[in-house]
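Below you'll find the structure, written out as structure tokens, and then a few comments.
Labels below follow one simple rule: chain letters A, B, ... track the order of the sequence lines, proteins then strands, and each chain is numbered from 1.
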Number of protein chains: 2
Amino acid sequence: MIEALKQNYGYLFEPALLEGISNVGQLKKVPEGFQLMDIGEPIKGMPLILDGAIKILREDEKGNELVLYFIERGDTCAMTLSCCVGMAKSEIRAVAETDTTLIMIPVEKMENWMATYKSWRQFILQSYHDRLMEMLDTIDSIAFLKMDERLLRHLRDKAMITRDDVIQTTHQEIAQDLNTSRVVISRLLKKLENQGKIQLFRNSIKVIDL
Amino acid sequence: MIEALKQNYGYLFEPALLEGISNVGQLKKVPEGFQLMDIGEPIKGMPLILDGAIKILREDEKGNELVLYFIERGDTCAMTLSCCVGMAKSEIRAVAETDTTLIMIPVEKMENWMATYKSWRQFILQSYHDRLMEMLDTIDSIAFLKMDERLLRHLRDKAMITRDDVIQTTHQEIAQDLNTSRVVISRLLKKLENQGKIQLFRNSIKVIDL
DNA sequence: AGTGTCGTGTAACCTTTGTTACCGATTACC
DNA sequence: GGTAATCGGTAACAAAGGTTACACGACACT
């Protein structure tokens, strides 16, 4: 574990902190589609992603979903940080977008390390910052963009985090991610294909115009 | 200044920190409508609100606006915190919603106090948490609600922060806040009035159903 | 091969929201 | 008092997105 940790976070954290993490942290490998956290669930720990990607999404009472953003290698989940401060319940759902390796850190350590390690403080603040910016991005998309632009952006995001211009997914799944209906997505995807921006296949989409 | 400071933040910060704030902080009184910060502007300092309320909004390249949330007495602006970490440019615009009194703290002090005062650390983290939750709320509104519900929610928010069920505003201004057109707002306001949830006057709206 | 399920394309229609245009009332300013 | 600007109501229409229904091919399972 310490090896993968050093590789991803070595330049960030001082040796003593790396050691602390590897002592109390719990290595976890989860397959694609695995649900790491759900809305209303108490927070068990804070994840440090070593490899893979996680989809963070929001749901309302009626079951409508919306993807907020993805987190990747080197990231952590600000919502988790957040919950250590105030309430203990998660406001979001986290689902592994690809096979993912991560370290879970018990929440008790956080305040502790905040006082001790400057690098930890900076990491936490940076994470909050990054997540706030992602949320701003999300808000920009929903508030200012039409569905076809949101769709294209979503496809590019997915291509980016999987590092593959061919996305394995269905129209139905995209519709859920963007909180709209399958018919609408099929319609717009066809339009994007006619514009030469993507290529459609059964169960996959190739993004041309990255 | 130290008096107003103690009154609003005394229970949060230890005496030494309060003293530090009152030494380096700069007291500011701004009138309603005053623009405290704009998108792209470098961040000068971090505001602690003593009295009043500030509207935080986002704008895209085309000039479309959207209100993100309001901050009030006892709050600070997470975007400012955020900018001390990464870039130095503001991502948002801040406009005084009412006459407002605040203390500006130079950004240099932040990292300093983070190491020294536990209460400061907790305040910063709590602020980040609060702001993230507000952003989630905003996303919920835009993503899951129809315009009439968003409108009603906006009116209630405004009533809340001004502590007055009569809102002084125009349909045009509301339309800007919600990134839609005046005609749409007029239409929906009329509907809400017919439903008995509000009462319309020239330049003001009374929220019945708080 | 036969059956059922899943993924996709498409048409028809409805609702919500955005746009343009116009009008009357109120207010501000000279 | 006259004039211009602002504010709000409304109609008519356009565009975007949501809904329902159905067809057809791919695929899985037996």
Would A/E149 and A/K146 pass as an ion pair if we require N to O under 4.0 Å?
no

Note: B/E41-B/R93 ion pair, threshold 4.0 Å (strictly below)
no

Find the distance [X]:[atom1] to [N]:[atom2] and express it as a whole number of Å.
X: A/E173; N: C/dT8; atom1: CD; atom2: P; result: 10 Å
X: A/N194; N: C/dT8; atom1: CG; atom2: C1'; result: 14 Å
X: A/K190; N: C/dT8; atom1: NZ; atom2: P; result: 11 Å
X: B/R150; N: C/dG18; atom1: CZ; atom2: P; result: 8 Å
X: A/K146; N: C/dT17; atom1: NZ; atom2: C1'; result: 10 Å
X: A/Q168; N: C/dG7; atom1: CD; atom2: P; result: 13 Å
X: A/R182; N: C/dT10; atom1: CZ; atom2: P; result: 11 Å
X: B/I142; N: C/dT17; atom1: CD1; atom2: C1'; result: 15 Å

Taking all atoms of both residues into account, what is the closest heavy-atom pair of B/I43 and B/M37, and its distance?
CD1-SD, 3.9 Å

Of all heavy-atom pairs between A/L5 and A/L18, which one has the smallest distance, and what is that distance?
CD2-O, 3.6 Å

Which two nucleotides bound the region of DNA chain D that has atoms under 4.0 Å from heavy atoms of chain B, read 5' to 3'?
D/dT6 to D/dA12

Check this one for me: any side-chain N or O of A/H171 less than 4.0 Å away from OP1 or OP2 of C/dC6?
no

Once the angle between the rings of B/Y9 and B/F123 is folded into 0 to 90°, is it parallel (under 30°), tilted (30 to 60°) or perpendicular (over 60°)?
perpendicular

Nearest-nucleotide 5' precedence on DNA chain D, A/N203 against A/S181
A/S181

Test for a donor-acceptor pair under 3.5 Å between the base of C/dT26 and the side chain of B/R202, counting only N and O atoms.
yes

Polar side-chain contact B/R187-C/dG18 base: donor and acceptor under 3.5 Å
yes

Give me the one residue out of B/D60, B/N64, B/I142 that meets side-chain contact (heavy atoms from CB on, under 4.5 Å) with B/N179.
B/N64

Assign A/T170 to base, sugar-phosphate, or nothing according to its heavy-atom contacts below 4.0 angstrom with the strands shown.
sugar-phosphate

Give every donor-acceptor pair under 3.5 Å between a side-chain atom in residues 20-36 of chain B and any protein atom, sequence neighbours left out.
residue : atom : partner : partner atom : Å
B/S22   : OG   : B/E19   : O            : 3.2
B/N23   : ND2  : B/E19   : O            : 3.4
B/Q35   : NE2  : B/D38   : OD2          : 3.2

